[in-house]
S.K.: 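Here's a structure for you.
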Amino acid sequence: MIIDSSTMESEDEESLLGQESEDENSELSDSELQEAFAKGWLKPGMNVLVDQAKKHVNNVEGLKQCLAGFCKDLPWAERLDMTNLPAEDVIYKAEGKKPAVKSGDVNPDDDFQREMLFYRQAQATVLDALPLLSKHGIPTKRPDDYFAEMAKSDQQMQKIRKKLISKQLILEKSEKAKKLREQRKFGKKVQVEVIQKRHKEKRDMMTAVKKFQKGMTDKLDFLDGDQKKPKEPSQAQNKVAKDNKKGPNAKRKYKDQRFGFGGKKKGKKWNTKESHNDVSGFRAKVANAKGAKGAKKGAKGGKQNKRPGKSVRKQTKSRS
């Protein structure tokens with residue numbers, strides 16, 4: 001794009017846009033162009049695109065000089081050129097196999113084969129170049145006191161360092177917060193377990209007290225305090241103990257004590273010689289009043305037997 005300054009209309013325009021500099025490619029600033037456009041000094045046709053034909057340069061002398069430079073017989077230390085075949089495939093050689101791909105059989109469309117060929121060729125070049133470099137006295141290892149100028153300034157590196165440190169601090173804070181959350185969760189879990197254990201102990205204590213009040217047991221284990229409890233037997237031992245245990249359990253004993261238990265019932269109210277001679281429970285008033293008050297069973301006005309007969313009871317039972 002070429003700006004033709006001869007089409008400017010007045011001296012004011014020339015003073016604003018400035019005189020042409022010695023450099024033909026100099027450009028005006030955006031603010032100056034905006035101001036000129038606002039005042040109407042920029043008009044169509046002022047900027048004209050000119051297609052310039054490409055010039056082909058055939059610098060024969062320069063090409064000959066470059067070719068002469070290539071043909072100079074310089075020592076190897078100045079050229080550092082190496083021409084090597086790819087190194088042997090150590091893995092295939094150790095396994096006693098033939099190499100999978102030779103240098104001439106590489107498929108250019110196979111990225112893996114191509115990169116492996118470059119890698120093996122670089123290996124061979126290094127193996128051949130290191131002895132030559134040491135022979136010409138060219139060091140190949142960096143000394144301990146080596147100082148290299150950084151590509152970036154110290155200020156820029158300090159900014160990067162501060163940014164890295166801030167990122168590391170943020171990561172450490174997030175890790176700390178994560179650990180604290182896990183500790184709180186664990187503490188809450190332990191607290192819930194402790195509360196549940198206390199409630200269970202309280203329920204067991206109340207159950208033991210109720211059993212003691214009903215006479216189902218004659219001791220309270222929770223009154224023993226910090227005494228060591230005997231080792232509880234295993235489930236198999238409990239089963240064997242239950243099988244070997246004779247007699248009723250505590251519940252059965254309690255019911256037997258309260259409601260009675262089985263045994264001989266026939267002849268239970270018969271008198272014996274001792275009971276016949278024992279008149280300590282005799283009451284004359286009660287015995288004399290018994291005949292006057294009572295009446296024969298089945299008599300009019302006496303106590304009626306309301307229980308149905310045996311046949312009626314059998315019929316009722318069969319119906320149900």
Side-chain angles (χ1 to χ4, degrees), residues 181-320:
R181 284 196 296 270
E182 290 177 356
Q183 288 175 0
R184 285 173 187 168
K185 285 181 182 177
F186 181 74
K188 194 174 182 181
K189 185 179 177 183
V190 171
Q191 188 178 5
V192 170
E193 288 178 356
V194 169
I195 292 171
Q196 288 178 352
K197 187 178 179 182
R198 287 178 184 171
H199 288 331
K200 186 177 181 298
E201 290 176 354
K202 189 176 180 181
R203 285 196 303 270
D204 294 342
M205 184 182 69
M206 295 303 295
T207 305
V209 169
K210 286 180 182 178
K211 286 183 179 180
F212 182 78
Q213 289 175 347
K214 291 179 180 180
M216 296 173 68
T217 181
D218 56 348
K219 60 180 180 178
L220 295 174
D221 295 335
F222 63 87
L223 294 177
D224 296 341
D226 297 333
Q227 293 180 1
K228 290 184 178 179
K229 293 184 179 179
K231 215 172 186 180
E232 295 183 357
S234 62
Q235 191 173 359
Q237 291 175 351
N238 283 335
K239 190 175 180 182
V240 172
K242 284 182 181 178
D243 293 340
N244 296 333
K245 191 177 179 182
K246 295 181 180 179
N249 54 15
K251 187 176 180 181
R252 182 73 262 165
K253 285 180 181 178
Y254 172 71
K255 286 191 175 181
D256 290 345
Q257 183 182 0
R258 185 172 179 183
F259 303 109
F261 49 92
K264 185 179 178 183
K265 294 180 177 61
K266 188 175 180 181
K268 192 175 181 181
K269 295 184 180 180
W270 287 359
N271 280 333
T272 60
K273 184 178 180 181
E274 289 80 9
S275 66
H276 177 72
N277 293 330
D278 185 13
V279 291
S280 60
F282 178 75
R283 299 289 181 270
K285 292 181 180 181
V286 176
N288 294 331
K290 189 176 180 182
K293 280 186 178 181
K296 290 183 180 180
K297 289 183 180 180
K300 195 174 182 180
K303 189 176 180 181
Q304 298 291 332
N305 187 8
K306 296 182 179 180
R307 187 183 183 194
K310 189 174 181 181
S311 60
V312 177
R313 283 187 274 122
K314 280 186 179 180
Q315 291 175 2
T316 307
K317 190 174 180 181
S318 63
R319 286 173 188 172
S320 61

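The basis for the numbers below is simple: all heavy atoms, side chains too, and nothing from hydrogens, waters or symmetry mates.
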S.K.: Nearest 0.5 Å, what's the NZ-NZ distance between K317 and K310?
M.R.: 11.0 Å

S.K.: Locate the shortest heavy-atom distance separating V312 from P308; write the atom from each residue and the value.
M.R.: CG1-CB, 4.0 Å

S.K.: Are Q196 and K200 packed together at the side-chain level, in the sense that at least one heavy-atom pair is separated by less than 4.5 angstrom?
M.R.: no

S.K.: To the nearest 0.5 Å, tell me how far R203 CZ sits from T207 OG1.
M.R.: 8.5 Å

